[in-house]
There are 2 protein chains.
Amino acid sequence: MRPDDIPAIRSLNLFKDMSEECFHTLIRGAYVQTFPAQVELITEGDPSDFLHIVVSGNIELHANWNGRETSMANVRPISTFILAATIKDGPYLMSARTAEKSRVIMIPSTDVRAIFEQDSEFARAVVTELAQCYRSLVKNTKNLKLRTSLERLANYILRTSNFSENALEFKLSQEKRRLASFLGMTPENLSRSIKALRPYGVEIDGNQVTITNIDDLKTIAKPSVFIDDFSS
Amino acid sequence: MRPDDIPAIRSLNLFKDMSEECFHTLIRGAYVQTFPAQVELITEGDPSDFLHIVVSGNIELHANWNGRETSMANVRPISTFILAATIKDGPYLMSARTAEKSRVIMIPSTDVRAIFEQDSEFARAVVTELAQCYRSLVKNTKNLKLRTSLERLANYILRTSNFSENALEFKLSQEKRRLASFLGMTPENLSRSIKALRPYGVEIDGNQVTITNIDDLKTIAKPSVFIDDFSS
DNA sequence: CGTCGAATTGACCGCGATCAAGGAAGGTGG
DNA sequence: CCACCTTCCTTGATCGCGGTCAATTCGACG
């Protein structure tokens with residue numbers, strides 16, 4: 001592990017209030033590894049042996065059933081993923097693959113569960129983290145069930161812009177096919193939706209997104225703090 | 001509160017390991033109320049003033065956006081709901097209404113958060129509960145994104161049968177329109193899907209469901225433990 | 001019985017998926 | 001440096017699942 005990894009991880013909400021002793025117990029048993037793109041880190045159904053932390057790169061969580069696949073989320077540095085499976089000691093419900101070259105820290109789940117029993121501050125931090133994840137998923141479900149694919153795309157653009165400090169220009173951080181799957185649509189349909197948004201103030205050329213008229217975009221997107229707000 | 005409510009609540013996973021003292025602090029401040037059907041208990045966006053526990057009846061969680069509504073879940077006795085909002089001290093992300101006459105216990109959120117800080121066993125129980133809820137939502141998302149509406153209905157019937165100790169006959173526990181919304185389809189489409197399942201071993205007459213050929217049903221449903229299993 | 005809401009059924013529409021073909025971009029080897 | 005290949009994206013044509021609209025039937029309840 002690089003020396004500057006440790007303070008970075010320590011500063012995560014999940015770890016920042018736990019005792020120094022417990023933190024080091026976790027870190028001592030951890031592995032760090034750099035993976036190239038398109039590596040399957042986790043397979044749905046496997047026992048959850050490690051809590052994963054992505055330090056650099058980009059991880060895609062996805063799920064499969066009956067020959068179909070869907071993208072569930074993208075995890076960006078620095079955050080943990082698959083915490084719930086580790087805590088419940090249950091099988092992974094999603095698979096994870098590197099979307100690009102990524103550095104990942106893996107903490108044995110048994111260690112995490114042991115510290116969880118031992119350090120109350122950590123247990124409380126896990127609660128906050130899980131509650132946050134849960135609420136994000138509720139929002140995601142509402143997004144899927146209450147909106148058309150065009151509306152989902154429009155709001156995705158607004159959210160991403162917000163996330164980049166309200167920048168009116170930014171780059172899509174993943175392949176369009178993955179984005180399409182995440183948004184619950186096909187790549188073809190995403191292409192068409194992108195064109196359909198042009199009259200509403202959005203130009204997308206390759207990965208480059210430019211919002212030319214944010215008011216028009218908001219008119220069609222109708223963003224809601226109870227679906228699109230990351231922080232609440 | 002009725003005398004027999006207290007042991008019932010106490011036996012919930014969420015409360016069963018906490019100290020007697022803390023449990024009584026929670027109970028002391030709690031309100032109990034019986035509501036008729038179709039009462040809006042909670043409105044999306046309101047501050048989360050209470051942790052709710054449904055003791056009898058049936059609560060529907062739903063969400064709205066831009067004039068549309070969708071059913072998110074049905075809560076049956078005895079369980080809590082909207083725990084994440086209480087812990088995060090954030091606004092409700094879903095609304096709740098009684099689907100039938102229901103008795104509900106309401107514990108002030110400030111009490112819950114205070115005890116959460118104080119009682120580590122309770123904090124750990126909250127983790128387990130939230131992790132469970134989170135994983136249920138992941139499964140629900142996979143169900144929505146990976147399956148057609150007919151497949152969702154087929155699997156819903158199998159899950160419900162499983163839940164009723166593998167009974168081949170049971171009653172739908174909610175209006176078909178709510179079920180349709182929960183399954184992400186219209187009432188009309190649910191009607192048609194019900195007819196479409198008849199050749200696959202399912203008879204539905206009113207609320208009465210009869211599985212006449214569970215193997216045929218499984219062939220079309222292809223249930224997966226990573227989507228349909230309640231316990232994992 | 002009459003009333004009202006829910007469920008069903010039919011006809012039609014449209015969003016989004018599928019299938020198929022054509023570019024654009026990036027990497028590889030001669 | 002350029003031909004070639006691979007892969008992704010785009011575009012067009014068509015299909016079908018599921019939604020919408022409307023009319024009817026069913027069922028609970030007063």
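Note on naming: letters A, B, ... go to the chains in the order of the sequence lines (proteins, then strands), and numbering restarts at 1 for each one. Since the model is a prediction, treat every value here as computed from it, not as a measurement.
- The base of D/dG12 lies close enough to the side chain of A/R192 for a donor and an acceptor atom to sit less than 3.5 Å apart.
- Among the protein residues, A/E175 comes within range of the sugar-phosphate backbone only, with heavy atoms under 4.0 Å from sugar or phosphate atoms but none that close to a base.
- A centroid separation of less than 6.0 Å is found between the aromatic rings of A/Y31 and A/F50.
- Shown are B/L83, B/T80, B/V104, B/V32; of these, the side-chain contact (heavy atoms from CB on, under 4.5 Å) with B/I53 is made only by B/T80.
- Put simply, CG on B/L153 is 14 Å from C1' on D/dG18, counting in whole angstrom units.
- Between C/dA17 and A/T186, a contact under 4.0 Å exists linking OP1 or OP2 to a side-chain N or O.
- Protein atom CG of A/N189 is 17 Å distant from nucleotide atom C1' of D/dC8, rounded to whole Å.
- Computed from coordinates, the A/R147 CZ to C/dC15 P distance equals 18 Å when rounded to whole Å.
- In this model, no side-chain donor or acceptor of A/R68 finds a partner on the base of C/dT18 within 3.5 Å.
- Remark: P of D/dG19 and CE of B/M185 are 7 Å apart, rounded to the nearest angstrom.
- Nearest nucleotide to the side chain of A/K195, out of D/dG19, D/dT11, C/dG16: D/dT11.
- As rounded to whole Å, 15 Å separates atom C1' of D/dC26 from atom CZ of B/R177.
- Within 4.0 Å of B/S193, counting heavy atoms only, lies no atom of the nucleic acid at all.
- A/F182 has its side chain out of reach of A/E60: every pair of non-hydrogen atoms, C-beta onward, lies at least 4.5 Å apart.
- Residue B/S149 places its side chain closer to D/dG18 than to any other of D/dT10, C/dA7, D/dG18.
- What separates CG of A/L146 from P of C/dC15 is a distance of 18 Å, to the nearest Å.
- Look at CG on B/L197: it is 15 Å from C1' on D/dC17, rounded to the nearest Å.
- Protein atom CG of A/N207 is 13 Å distant from nucleotide atom C1' of C/dG26, rounded to whole Å.
- Checking A/L150 against B/I194, the closest nucleotide of DNA chain C that is more toward the 5' end is the one next to B/I194.
- Checking D/dT20, C/dG16, C/dA20 against every side-chain atom of A/E188, the shortest atom distance belongs to C/dA20.
- Contact annotation: the side chain of A/K142 approaches that of A/F226 to within less than 4.5 Å [non-hydrogen atoms, C-beta and beyond].
- Rounded to the nearest 0.5 Å, atoms CD1 (A/I204) and NZ (A/K176) are 6.5 Å apart.
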